[in-house]
Q: 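Structure in structure tokens, see below.
Just so it is clear: chains get the letters A, B, ... in the order the sequence lines come, proteins before strands, and each one is counted from 1.
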Protein chains: 2
Amino acid sequence: MVTKGDVFDPNCPTRVILDRLGDKWTVLVVLRLRSGPQRFTELRDAIGQVAPKVLTQTLRRMERDGLVTREVFPEIPPRVVYTLTPLGTSLIDPISVLTDWAETHLPAITSAQATYDANA
Amino acid sequence: MVTKGDVFDPNCPTRVILDRLGDKWTVLVVLRLRSGPQRFTELRDAIGQVAPKVLTQTLRRMERDGLVTREVFPEIPPRVVYTLTPLGTSLIDPISVLTDWAETHLPAITSAQATYDANA
DNA sequence: CTGGATCCTCCAAGATACTG
DNA sequence: CAGTATCTTGGAGGATCCAG
């Protein structure tokens, strides 16, 4: 049974989620797929300089977690389309809360850092 | 100027925040300090097996970011108390959204993983 | 008690090249 | 086009000992 108190258990679900969100690309993939299914190359180009190996790793892990589906069309050249699952879509709101917080408080953080560094 | 669209800019504020939340201990420190100021050892004991060096690094970074204050009492033995700043306190809500999401959807994720692994 | 100093491990991430 | 194969690396995290 999972309770609110076990965030301090190393196997706590929140820790698992934060591991995912903490990686470099998962959140960006979610935000890209928000506007609809995308092909591998579309994701790569949109997200920026990400090595194909890394993007593949990210997408595979997201597929395993049930956040995206991977659809292969057996054509030449091959076409692979990634789509957010309902589970993946449900992550958009929590992510938005974070981005909103980040954008709201960035000035305060930057300012705090400047003050801290000045006294160093 | 910071806009919603620049999540794909490597210097995007959201990326910075996610880097923090993605580390192993910051979120746990926030949740501990939620119930009030704590001493170094109290934090260490409550959070679990964290090396003092690592906890110090975490706390220093949080102090630099303006999330906590560090108060040293020049006594023997020394006493150091960490307290959430208003900025740090404002992080509790976004974190709660994440923990709620995690706890709600953990079964779905676990199930998805099991299905994925079974077909491997 | 707090946490600095030192050394070590591990792995996400990246660069590059290649293939069905 | 959508990856895989291989090699490399930076830095978070950890273990241990020591000091004010």
Q: With a 4.0 Å limit, can you tell me whether Thr56(A) has a side-chain N or O closer than that to the phosphate oxygens OP1/OP2 of dG3(D)?
A: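 The answer is no; no side-chain N or O of Thr56(A) sits under 4.0 Å from OP1 or OP2.
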
Q: With sugar-phosphate meaning primed atoms plus P, OP1 and OP2, does Val80(B) contact a base, only sugar-phosphate, or nothing at under 4.0 Å between heavy atoms?
A: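 The answer is sugar-phosphate, as Val80(B) gets under 4.0 Å only of primed atoms, P, OP1 or OP2.
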
Q: Does NZ or CZ of Arg70(B) come closer than 6.0 Å to the centre of the six-membered ring of Phe40(B), within 45° of the ring's axis?
A: no

Q: Please tell me whether Ser96(B) and Asp93(B) have a donor and an acceptor in their side chains that are separated by less than 3.5 angstrom.
A: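 The criterion, which ignores hydrogens and geometry beyond distance, is not satisfied for Asp93(B) and Ser96(B).
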
Q: How close or far is atom P of dA12(C) from atom NZ of Lys24(B), stated in whole angstroms?
A: 12 Å

Q: Tell me what Arg44(A) touches on the nucleic acid: a base, only sugar-phosphate, or nothing, going by heavy atoms under 4.0 Å.
A: nothing

Q: Separation of Leu59(B) atom CG from dG4(C) atom P, in whole Å?
A: 10 Å

Q: What's the spacing between Asp100(B) CG and Ile17(A) CD1 if we round to 0.5 Å?
A: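 Reported value, rounded in 0.5 Å steps: 12.0 Å.
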
Q: Compare the minimum distances between each of dG3(D), dG14(D), dG20(C) and the side chain of Pro78(A), then state the nucleotide with the smallest one.
A: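 Nearest to the side chain of Pro78(A) among the choices is dG20(C).
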
Q: Quick check on dC1(C): is either OP1 or OP2 less than 4.0 Å from any side-chain nitrogen or oxygen of Arg39(B)?
A: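 Answer no for this pair, as no side-chain N or O of Arg39(B) is under 4.0 Å from OP1 or OP2.
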
Q: In whole angstrom, what separates Gln49(B)'s CD from dG13(D)'s P?
A: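 It is 16 Å, rounded to the nearest whole Å.
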
Q: Among the candidates dC1(C), dG14(D), dG4(C), find the nucleotide nearest to the side-chain atoms of Arg60(B).
A: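 The answer is dG4(C), which lies nearest to the side chain.
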
Q: Let's test your reading of the model: under 3.5 Å, does the base of dG14(C) pair with the side chain of Lys53(A) as donor and acceptor?
A: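 Such a pair exists between side chain and base.
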
Q: Should Lys24(B) and Asp19(A) count as an ion pair when the cut-off is N to O under 4.0 Å?
A: no

Q: Look at the side-chain N and O atoms of Tyr82(A) and state whether any lies under 4.0 Å from the OP1 or OP2 oxygen of dC1(D).
A: no

Q: Side-chain N or O of Arg61(B) less than 4.0 angstrom from OP1 or OP2 on dA12(D)?
A: no

